[in-house]
Protein chains: 2
Amino acid sequence: MRGTQQAEALSRVLADLSEFRSAQDIHGELRRRGEGIGLTTVYRHLQVLSRDGTVDTLRDETGETLYRRCRTSTHHHHVTCRSCGYSVEVEGPAIETWAEHVAAEARFTDLNHTVEIFGLCPNCTPAQLTSPTTRAQTSPA
Amino acid sequence: MRGTQQAEALSRVLADLSEFRSAQDIHGELRRRGEGIGLTTVYRHLQVLSRDGTVDTLRDETGETLYRRCRTSTHHHHVTCRSCGYSVEVEGPAIETWAEHVAAEARFTDLNHTVEIFGLCPNCTPAQLTSPTTRAQTSPA
DNA sequence: ATATCTGCAAAGACTTTGCAACCTT
DNA sequence: AAGGTTGCAAAGTCTTTGCAGATAT
């Protein structure tokens, strides 16, 4: 895509955002910064960037697609905070192997897989869940 | 929910369907069978059944939610055919352990995870992909 | 100059909700 | 009779598309 003001503004925001955000969030941030850019354009760029492998995408639990500038180029997965969106990348050679293995066993071909882990990050975890004296009373889904 | 005709008709269809289907597919099947039932009702029942753990849900790559009567009560994942929807259940103790491990390492709590493997089932796999002499030329996503 | 990009409005898809009529207990 | 259930229609999300006008090279 040609270097338009909108494309550059989006690049800048993506560079600044450290967590996964929805297209609408990103558009909101652009507007907040005073950039003139339409939601449609944001969607269109994100689509291209994600196909390029420039941004990483993930689906949250509501089905919304979240985007973030790719950190590592290698295949990886995420542990994402349900509450604040904070997310860490994790590599899982074990998972890749496992996925290939079980799929091969079922004679499936042309594979791909999604693995997402959701939870509460340290900051969003209620205190009693971290205290070793008070054991967790909630039921992990 | 009370035993209405609609609830029973839905139960019957779910019992017959062996693969994951969308709410709309299931509604279509019910209509095909001559059952008088609205799409809204199908959605409402599936929602309850899935919370009950009576049906299993999974999100396909387009973001649509698919449903199927639960087979095993234990935690498991699926290898699903992109083309025909055929799906097999796989258990992955290794995955569960891995997920817990990496999340704990990041100090996350109250975890849950999704793992979906998509591919082409044996029936939907083009012949040349299975032949050992002609190696795969396609680029697995 | 011209092919591309932009963005509003509208369409599309899936899912949920409001509410009156209906059916089950 | 009473209350949950049904289902049409309408609303709500997120996302994509049509198309005319603006823009970058």
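Sequence lines set the chain letters: A, B, ... in the order given, protein chains first and strands last, and positions in each chain run from 1.
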**Q** In whole angstrom, what separates A/Gln5's CD from C/dC5's C1'?
**A** 12 Å

**Q** Just jot down the ring-ring contact (aromatic ring centres under 6.0 Å, His included) partners of B/His27, sequence neighbours excluded, or say none.
**A** none

**Q** Do you know which of B/Arg59, B/Glu61, B/Glu116 makes side-chain contact (heavy atoms from CB on, under 4.5 Å) with A/Thr114?
**A** B/Glu116

**Q** Just wondering, do B/Leu46 and B/Leu14 contact through their side chains at under 4.5 Å, heavy atoms?
**A** yes

**Q** Check the distance between C/dT6's C1' and A/His45's NE2 and give it to me in whole angstrom.
**A** 8 Å

**Q** Measure the distance from CD on B/Gln6 to C1' on D/dT5 and round it to the nearest whole Å.
**A** 8 Å

**Q** Atom CZ of A/Arg44 and atom C1' of D/dC14: how far apart are they, to the nearest Å?
**A** 16 Å

**Q** The side chain of A/Ile37 lies closest to which of these nucleotides: D/dA9, C/dG7, D/dT6?
**A** C/dG7

**Q** Starting at CZ of B/Arg31 and ending at C1' of D/dG7, how long is that distance when rounded to a whole Å?
**A** 9 Å

**Q** Between the side chains of A/Asp60 and A/Arg82, is the shortest nitrogen-to-carboxylate-oxygen separation below 4.0 Å, so that they form an ion pair?
**A** no

**Q** Does a nitrogen or oxygen in the side chain of A/Thr4 sit under 4.0 Å from OP1 or OP2 of C/dT6?
**A** yes

**Q** Nearest to the side chain of A/Thr41 - D/dT6, C/dT6, C/dT24?
**A** C/dT6

**Q** Under the ring-ring contact (aromatic ring centres under 6.0 Å, His included) criterion, do A/His113 and B/His77 qualify, and how do the steps go?
**A** CA-CA 11 Å; A/His113 64 266; B/His77 300 290; over 10 Å; no

**Q** Can you pull every protein N or O that's under 3.5 Å from an N or O on nucleotides 13-15 of chain C?
**A**
unit_1 : atom_1 : unit_2  : atom_2 : d
C/dT15 : OP1    : B/Thr65 : N      : 3.0
C/dT15 : OP1    : B/Thr65 : OG1    : 3.3
C/dT15 : OP2    : B/Tyr43 : OH     : 2.5
C/dT15 : O5'    : B/Tyr43 : OH     : 3.4

**Q** Rounded to the Å, how far apart are B/Leu46 CG and C/dT16 C1'?
**A** 14 Å

**Q** Could you state the CD-P distance from B/Glu8 to C/dT25, rounded to the nearest angstrom?
**A** 9 Å

**Q** Going by atom types only, do B/Thr125 and A/Thr109 share a side-chain donor-acceptor pair under 3.5 Å?
**A** yes

**Q** Rounded to whole angstroms, how far apart are CD on B/Glu35 and C1' on D/dG7?
**A** 16 Å

**Q** Check whether any side-chain heavy atom of A/Pro126 sits under 4.5 Å from a side-chain heavy atom of A/Leu120, and report yes or no.
**A** yes

